[in-house]
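Residue numbers run from 1 in the order of the sequence given.
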Amino acid sequence: MIKTYETYCFASAPDWSKVPVGKIDCFQWECDGFSRPESSFQMCFVKNDGIFVKMHSSENNLRTTCSGRDGNVWEDSCLEFFFSPEKDAGYLNTEMNPCGAFLTQVGKGRENRRFLKELTHVTPLVKSYYDKSGWGVELFIPCNLFNDAFGISFSAAPGEYKGNFYKCGDKTEAPHYGSFSPMRKELTLGFHDPEYFATITVKEDVTEND
C-alpha cells in the first residue's frame, strides 16, 4: 500500500521540531544474511529556497568505499531520497554514504538516467555525520537545481508531490533494502519505480503568520 508523508513549507529556516519523523521500515528482496537497520527521515520545504532533508540510520559495520561524486554509492552503507518535482517530469535520485559522497541522476525511470552534473552546475549540499546511535546525512536541494535539470519552474511551494526514502547497502556485511513506502515484490526495477513512490503532502506552516 502506497504511504503518505505530510510535512510543512516554511517561509524561512526549517523548524525541525514541527517536521514529522518518517520511518524507513518496509524491507524487501531479502536474502541470506540480511539486516534491518532502524532508519528514519524528516523532510520539509522552505519556499523559494529548496528542499531540506535529514536522514539517520542505526546501521553498524559501515561500508564506506566511495569518496567522490557519482560512484557506486548504493553498494556502501547508503541513505537515499528520490523526488519528483512535478507530474510527468521525472525524478531526481540522491544517494549518500557516511563519508558524504553522493550520486545524483535525473530521468523518468530506471533506464536512460543522466547524471545531474551533465544538466546543471548547481549541486545538492550533503553533510554526513556520526553519533552514538549510528550515522546520518543532512541534505539541501535548491530550487534552481530543479529548474535547470527539469526545465520547470519549481519554487518549493505547498502542494502534493511524489517521492520515497530508502536505506540500502548492496555490498555491506549484511545487505538490506529498506523503504518508507513499500516497493513491488519483484526486484526488476528496484527503487527506481515511480509507480510505488509515496505521496508527499506539503502544507504551509500557518503558525509563522500568527
Just checking Phe165 against Phe41, ring centres under 6.0 Å apart? yes
Would the distance check show the side chain of Asp148 and the main-chain N or O of Leu119 forming a donor-acceptor pair, the cut-off being under 3.5 Å? no
Atom NZ in Lys171, atom CD in Glu75: separation rounded to 0.5 Å? 4.0 Å
Asp205 and Lys18: salt bridge (Lys or Arg N to Asp or Glu O under 4.0 Å), yes or no, with the steps? CA-CA 9 Å; Asp205 177 35; Lys18 298 179 182 178; 3.3 Å; yes
Any side-chain donor-acceptor pair under 3.5 Å between Asn97 and Arg63? no
Please verify the inter-ring angle class for Phe191 with Phe82; under 30° counts as parallel, over 60° as perpendicular, anything in between as tilted. perpendicular
What's the verdict on salt bridge (Lys or Arg N to Asp or Glu O under 4.0 Å) for Asp25 and Lys167, showing C-alpha distance, side-chain angles and the deciding distance? CA-CA 9 Å; Asp25 55 7; Lys167 175 69 191 78; over 6 Å; no
So which of Tyr8, Phe10, Tyr161 actually passes ring pair (Phe, Tyr, Trp, His ring centres under 6.0 Å) with Phe45? Tyr161
Return yes if a side-chain donor-acceptor contact under 3.5 Å exists between Ser35 and His176, otherwise no. yes
Applying side chain to side chain donor-acceptor pair (under 3.5 Å), name anything that partners Thr201, two or more places apart in sequence or on another chain. none
Test side-chain hydrogen bond (donor to acceptor under 3.5 Å, both in side chains), reference Thr199, set Lys3, Lys162, Glu160, output is Lys162
Considering all heavy atoms of both residues, which atom of Gly90 and which atom of Lys108 are nearest to each other, and what is their separation? CA-CG, 3.8 Å
Distance (rounded to the nearest 0.5 Å) between Tyr166 OH and Met55 CE: 10.0 Å
Would you mind listing every ring-ring contact (aromatic ring centres under 6.0 Å, His included) that reaches into residues 106-137, with sequence neighbours excluded? none
Kindly indicate, with the supporting measurements, whether the criterion salt bridge (Lys or Arg N to Asp or Glu O under 4.0 Å) is fulfilled by Arg36 and Glu30. CA-CA 10 Å; Arg36 293 186 174 187; Glu30 293 179 329; 2.7 Å; yes
